[in-house]
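Below is one structure, written out as structure tokens, with a few remarks after it.
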Amino acid sequence: MATINFGYSINRPRLIDIDRNNLRKSDEILLEMPELQTCIGCGTCTASCTAGNLTDFNFRKVHTLVRRGEYAGAYEEMNKCMLCGKCRLLCPRGINTRGVVMLIKRKLGDF
Amino acid sequence: MKKRVAIIGGGVAGMQTALRLKRTGGIEPVIIEREEELGGKVRNWHVLFPTFTPAGEVLGALRSEVAAAGIEVLTGEEAEEFTDRSVKLRSERTIECDAVALCSGFTLFDATLKEEYGYGIYDNVYTSADLERMFSEGRVAMADGSAPRRIAFLHCVGSRDEKVCQRHCSKVCCITGVKQAIEMKRLFPTADVFNFYMDIRMFGPGYEELYREAQQRYNIHFVRGRISEASPMMDGRVQIKSEDTLTGRPLRMSVDMLVLLIGMRANDENGRFADKAGLTLAQSGFMQSRDLFLGNTESPRPGIFYAGAVTAPKSIGETLNEGFTAADRIAEYLGVK
Amino acid sequence: MKRANWTEYQKAIADDKYYYARSCIRQNFYPGSEKAFLEILHKDLGRDIFDDPLHTSCTGIGYHSDIVPLETIMTVVARQFSLMNDAGYENFVTSCITSFGIYTEILSTWEEFPETEEKTRENLFKATGREFVKPKNLAHTSDVMFHFRNEIAGRMKRPLINARTGEPLRVVEHIGCHYAKIFPSKGIGGSEFPYVLAGMIESWGGNVVDYPERRHCCGFGFRNYLVQANRGYSIANSHKKLESMAPYKPDFIVCNCPGCTMFLDRWQYTIAEMDGTTYGDDGHGIPVLTYEEMAGLVLGYDPWELGMQMHQVDVEPLLDKMGIDYDPSAKYLGRNGKYIGKPEPAAVNCSSQNNTIYDIKM
Amino acid sequence: MTFFAPFTIPFIVGAGIMFFVLAWKYISWLRGLPKDDLKLILRGIPTTATLRSVWEVIRESLLHVRIFRVNPVLGYMHTSLAFGWFLLIAVGWIEVVAYLGSEFVPLQGHVFFKYFAAGKIANHIAFFDFAMDLLLAIVLSGVLLAWFKRLRSKAMGMRRTTKHTTGDRIALSFLWFVFPLRLAAESITAAIYGGGGFLTGSIGKALHNTLGTAVLENLYEPSWWLYSCALGGFFIALPFSRYMHIFTEIPLIFLRNYKLRPTHKESTYDNFEVQACSRCGICIDPCQLQSELGINNVQSVYFLRDRRYNMLSLSVANDCLMCGRCEAKCPVGINLNTLRLNSRDAMRNIPDERRYGYLRGLDRSEGSGRVGYFAGCMTLLTPKTLNAMERIFESAGEEVWWADRNGGVCCGRPLKLSGETDSAHKMMAYNTELFRKHGITTLVTSCPICLRVFREDYDLDGIEVLHHSEYIARLINEGRLRLSGGKGTFTYHDPCELGRGCGIYDAPREVIEAVGTLMEAEHNRRDSLCCGSSLANTVINDSQQLKIAASLTAELDATGAETIVTSCPLCKRAIARCAADRVRDLSEIVADAITK
């Protein structure tokens with residue numbers, strides 16, 4: 001489209017636009033695992049994460065984004081998880097974190 | 001000769017204090033209430049957290065006990081100033097007494113001061129108090145009468161906000177937000193409910209459990225971030241912006257209803273009362289107790305006592321307990337067993 | 001909408017005898033607007049306003065881009081005040097929102113920290129041998145226009161009404177961040193519900209569009225635009241605003257601030273080039289006016305006299321809507337009748353695309 | 001003698017279809033086997049494995065010795081039906097030969113010999129009349145027991161029985177009617193034509209006396225029709241129902257003796273195991289998901305059923321602790337966990353070459369020595385174990401290479417348990433390389449999950465892999481650790497992965513006895529309970545895990561021991577939720593008892 005090289009382009013907004021995001025997958029995930037909604041964002045999972053200590057993988061952030069309908073890259077991020085289960089052992093809300101990883105991967109494999 | 005105690009404010013704190021004083025047998029309390037009936041702020045509440053007990057049940061019990069005890073009640077009378085021995089009313093009348101219990105509670109924060117949320121400007125912005133009124137009336141709907149499909153609650157409106165000179169935490173709004181979100185979800189099961197919060201402070205018994213239930217059972221979304229502004233949309237709905245701080249990304253969405261969980265602020269007349277009676281105010285503008293640990297219901301002046309939210313935001317349960325404590329301290333002060 | 005709360009933010013605006021300070025951007029890109037302001041005040045309203053050739057830029061652009069230090073800009077501002085004293089005026093009116101913000105900020109700083117005022121007096125004296133008295137009243141030119149909105153309405157020749165349908169025009173107003181976001185109390189209507197332009201629009205028959213991103217920045221942002229690597233952020237802001245207002249189908253945008261006028265106008269062209277998105281009727285863009293241009297049209301000025309040919313987005317569809325007579329062939333002729341050149345055809349220049357009038361002359 | 005009558009058609013058709021389907025199934029499964037498996041079979045046939053298989057077929061397929069061990073009544077039920085029927089066929093065959101000599105008799109002639117011989121045999125051989133009636137009576141007693149079991153399973157030592165599919169119910173109904181109908185047909189025949197032993201003969205006489213010949217004549221042909229239909233119906237239903245196990249168990253026993261096993265990838269061999277399941281439901285009772293949580297659709301019997309009929313859902317496949325309690329009890333010896341794992345693999349494994357690229361070049365290990373210690377992710381959350389191990393190493397004077405004390409890479413078993421086998425292998429390759437690089441000869445781990453994957457999946461030739469319980473026991477035996485013991489009382493919880501998983505029961509007990517008195521829990525060793533926190537289950541939630549842990553803790557507490565000892569960080573943390581102050585890792589009690 002652009003015929004002129006301006007040397008810059010319109011920056012994509014970092015905004016999470018709930019109105020535009022398709023929340024269907026997110027709703028399905030929460031329906032299957034309602035306990036995910038009880039996350040209080042304490043970050044214990046990420047702090048203990050075996051993969052997170054080696055990469056920038058942040059389980060809490062990824063599932064929070066997924067809940068907001070931001071699916072791009074979530075599957076790839078979740079694939080960094082080793083499923084070792086430390087986070088599940090520590091989660092103060094008792095969230096089945098490994099189940100969450102597998103569920104998100106299953107639901108968002110196409111994204 | 002019975003001792004006489006003037007109780008300024010006929011809300012739950014005032015009624016509870018009066019009841020306890022009356023039961024001593026040696027004290028004759030008199031309640032001075034500005035409104036035409038007893039009950040204070042609780043009158044405007046539908047059900048109470050965390051048990052969803054109808055507010056009328058609590059209020060009804062207290063009122064009928066007050067009536068049964070034959071406690072003297074002056075309604076439609078407002079205290080102008082007072083000392084430990086007398087209360088001067090706005091109607092120029094003066095009540096002579098042996099001690100005063102200040103139970104005048106708090107004032108609801110005026111949400112129009114947070115201009116950016118458009119309360120009073122956009123049709124579908126409400127306060128938690130508006131919502132309670134709608135619950136009581138049995139009709140909750142958007143301004144055009146339709147059922148909301150997406151509702152946002154904003155916590156800490158007029159609390160913990162130096163921009164409106166309210167530095168304190170109003171304490172009860174968090175759990176009120178959770179309670180009202182559940183009520184909305186019960187009324188509109190297919191609606192999406194979002195709570196925008198800075199911190200969730202679940203200090204009381206059963207509160208955290210209710211919070212968890214709101215999340216897990218009612219699928220209420222909690223977004224950590226304060227709404228920065230609300231704007232009107234073409235169709236009368238409201239667009240809100242905040243940061244989803246847990247993902248570090250700005251967030252925008254449109255909602256059918258925006259509910260502002262307004263805080264408790266100090267009464268304007270606290271300053272006047274303090275000046276005239278030689279009392280002190282806390283930084284928050286609420287009355288300062290003699291001591292936060294051993295003299296919580298006492299003022300620095302002998303003969304003047306506090307109960308309830310006049311000293312700080314409190315839940316109804318705490319207020320009722322303070323009524324007992326204040327009455328016991330008054331009885332002790334007056335030498336009545 | 002229940003919008004009476006703008007009345008909570010009012011300020012005193014002098015009624016006459018203004019010392020005028022120009023805007024760098026407007027002088028270059030919309031020179032007709034400043035001229036129109038002076039003319040409206042002189043001729044239509046019979047006010048005394050002095051356009052002093054001795055005054056300079058306030059250096060606000062340099063200040064906001066971190067290349068002019070605070071002490072320097074304070075001294076420059078002090079010199080402007082001194083010039084105003086020399087000319088015998090005490091009401092300072094500035095044509096630029098950023099200048100207005102600068103003057104407001106400096107006056108407040110001097111008030112809060114008197115030692116900075118003393119230092120400035122010392123600097124000014126050392127540099128120029130001048131002394132100064134602070135203005136009695138400081139206003140932005142739009143404040144003055146707002147002040148006279150009813151008087152202008154009384155002389156109105158063409159209200160902001162669609163001549164074909166008789167409906168009020170839908171007008172998006174954009175205030176500019178430095179007008180009231182720094183000191184809400186110094187702007188009419190404050191920062192959340194600014195009323196300075198809305199008041200004019202309503203007085204002159206138009207309808208104000210209240211769209212979700214109304215308060216959002218146009219994207220100029222000084223360093224965001226001035227550094228090329230950051231321009232993507234700049235244009236993204238304008239894009240966001242245009243996306244948000246588009247569903248309301250505004251007839252035109254009126255701006256308060258020199259930079260905003262420029263960016264909301266020019267970026268429409270850039271966005272069209274970059275991703276093919278166009279706004280406005282038939283995708284020919286939403287015209288962006290200054291409030292002087294708006295006042296000028298309302299008072300019956302010739303659009304080319306007002307300098308409206310300097311716009312990126314063509315204004316002809318708006319002029320047609322308002323039922324304004326204009327000479328299409330005079331568009332690119334300057335004040336002395338000399339051809340001033342015309343823009344390349346683009347999506348947002350609807351009328352110049354098939355127009356060969358000027359090509360013959362070349 | 002002619003050996004054809006129209007009523008035999010249902011039987012002939014049924015038997016034909018059954019043999020055809022069986023042959024088709026077995027041949028296609030065998031043809032689908034991987035080459036290595038086929039080689040194993042060919043090499044195995046001429047060995048004693050074949051003889052052993054025959055013996056095992058007799059023991060298990062006919063006599064059901066293993067079920068006898070679980071519960072004698074249940075064993076009798078199975079034996080009476082299986083062995084009884086077999087003998088009926090075998091003795092029936094001999095009977096035919098005894099009467100007719102070497103004359104060729106077609107299949108239906110043997111099965112319906114009583115019909116074809118009716119009125120044509122002058123001298124009945126009393127032995128056969130008696131023997132056949134006795135065998136029929138035995139089988140019928142088995143049927144009666146089966147009916148009774150349906151009604152009251154507890155009497156059979158089973159609290160719960162399988163919920164069957166409609167197909168199974170149809171086949172079951174046919175089976176239930178086969179022998180009563182045979183009894184009826186043979187009795188009616190005896191009533192008209194005489195003969196029959198104490199059972200059919202006596203019933204025949206009674207019928208003759210009560211109903212009279214005319215009525216019996218009318219019942220005669222229909223009774224044989226019904227019997228034939230029941231047989232034919234059962235045979236047709238057999239290959240498609242759970243009764244497939246009757247025949248499938250036989251080739252399975254042979255294949256198993258030829259050392260064929262299911263692996264982490266599905267293969268046609270799995271069909272022999274899957275279809276050898278009789279859905280007896282013995283796996284239901286030991287399942288703690290059933291007993292503690294009331295989950296009753298995921299147990300191995302249902303898993304195998306769902307898998308067999310291609311209706312396996314992820315939620316069923318994933319909802320298993322893989323504790324191995326059911327596998328330990330399975331009378332057919334099906335490798336239930338492996339089959340479930342390769343189902344998960346088939347459903348979940350997504351080969352993705354890009355995954356775990358971040359492992360490349362990573363090495364956070366420290367120290368050096370011939371002995372390597374791999375704490376495992378979970379042990380990093382039980383630092384007391386780490387400290388205790390450090391103390392033990394120090395005291396034994398061992399130079400240790402610490403593989404992952406500063407955070408390492410997961411062993412890969414959790415991924416394998418989740419079915420992501422290919423990705424798990426990336427971790428295995430990484431860790432193997434790390435171990436090789438540091439030249440260790442012994443690898444000690446305090447996590448049974450890691451231990452199992454090291455032993456089962458890693459290629460660690462030249463490196464001895466030990467659980468810390470084994471390692472500590474060895475140190476004690478070699479006199480390298482001096483312990484002062486004898487005071488405390490301990491009970492021991494066998495972690496699933498360590499006990500049933502790796503067969504390590506004695507080493508931890510030896511160690512405990514070196515420092516104090518061991519008090520066994522009700523379920524111990526191969527029978528021990530699961531703590532509920534198993535990584536294999538990604539379905540149950542936290543409160544369900546807690547419930548399982550609580551019941552385990554209650555049982556451990558019931559021993560009265562002062563301290564609960566376990567040797568798995570996950571088990572320890574699970575038990576700690578219910579008995580925080582009383583649970584300790586094996587290494588901790590050892591470290592405390594070190595004297596020097």
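Chain letters run A, B, ... following the sequence lines, proteins first, then strands; residues in each count from 1.
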Next on the checklist: Working to the nearest 0.5 angstrom, can you tell me the gap between Ile16(A) CD1 and Glu243(B) CD?
Outcome noted: 9.0 Å

Checklist entry - Would Glu70(A) and Thr247(B) count as a side-chain contact (heavy atoms from CB on, under 4.5 Å) if you check the C-alpha gap in whole Å, the side-chain angles of each, and the deciding distance to 0.1 Å? => result CA-CA 11 Å; Glu70(A) 295 282 325; Thr247(B) 62; over 6 Å; no

Checklist entry - Is the number of heavy atoms from other residues, nucleotides or ligands under 6.0 Å of Arg186(B) CZ greater than 12? => result yes

Checklist entry - Are any of the side-chain heavy atoms of Gln37(A) and Ile220(B) separated by less than 4.5 Å? => result no

Checklist entry - How many angstroms lie between CG in Asn219(B) and CG in Leu31(A), if you round to the nearest 0.5 Å? => result 8.0 Å

Next on the checklist: A side-chain contact here means heavy atoms from C-beta on lying under 4.5 Å apart; do Ile40(A) and Phe222(B) qualify?
Outcome noted: no

Item to check | Contact check, side chains of Glu35(A) and Gln216(B), non-hydrogen atoms, under 4.5 Å | outcome: yes

Checklist entry - Are any of the side-chain nitrogens in Arg150(B) or Asp19(A) under 4.0 Å away from the carboxylate oxygens of its partner? => result yes

Checklist outcome for this item: Cut-off 4.5 Å, heavy atoms of chain B, and the answer for Leu30(A) is side chain

Item to check | Reported CG-to-CD distance for the pair Leu36(A) and Gln215(B), which is rounded to 0.5 angstrom | outcome: 10.0 Å

Item to check | Sub-4.5 Å side-chain heavy-atom contact between Lys241(B) and Leu15(A) | outcome: no

Checklist entry - Counting N and O atoms only, with roles assigned by atom type, does the side chain of Arg14(A) sit under 3.5 Å from a partner on the main chain of Leu251(B), one being a donor and the other an acceptor? => result no

Item to check | Minimum-distance pair of heavy atoms, taken over all atoms of Arg212(B) and Arg93(A) | outcome: NH2-O, 2.6 Å

Next on the checklist: Check whether Arg60(A) reaches the backbone of Leu246(B) with its side chain - one donor and one acceptor, N or O, closer than 3.5 Å.
Outcome noted: yes

Checklist outcome for this item: Tightest non-hydrogen contact, residues Ile18(A) and Met253(B), listed as CB-CB, 3.5 Å

Item to check | Exceeds 12 heavy-atom contacts within 6.0 angstrom, atom CD of Gln283(B) | outcome: no

Item to check | Side chain, backbone, both or neither of Asp244(B) within contact of chain A (heavy atoms, under 4.5 Å) | outcome: side chain

Item to check | Side-chain donor or acceptor of Arg252(B) paired with backbone N/O of Asp17(A) under 3.5 Å | outcome: no

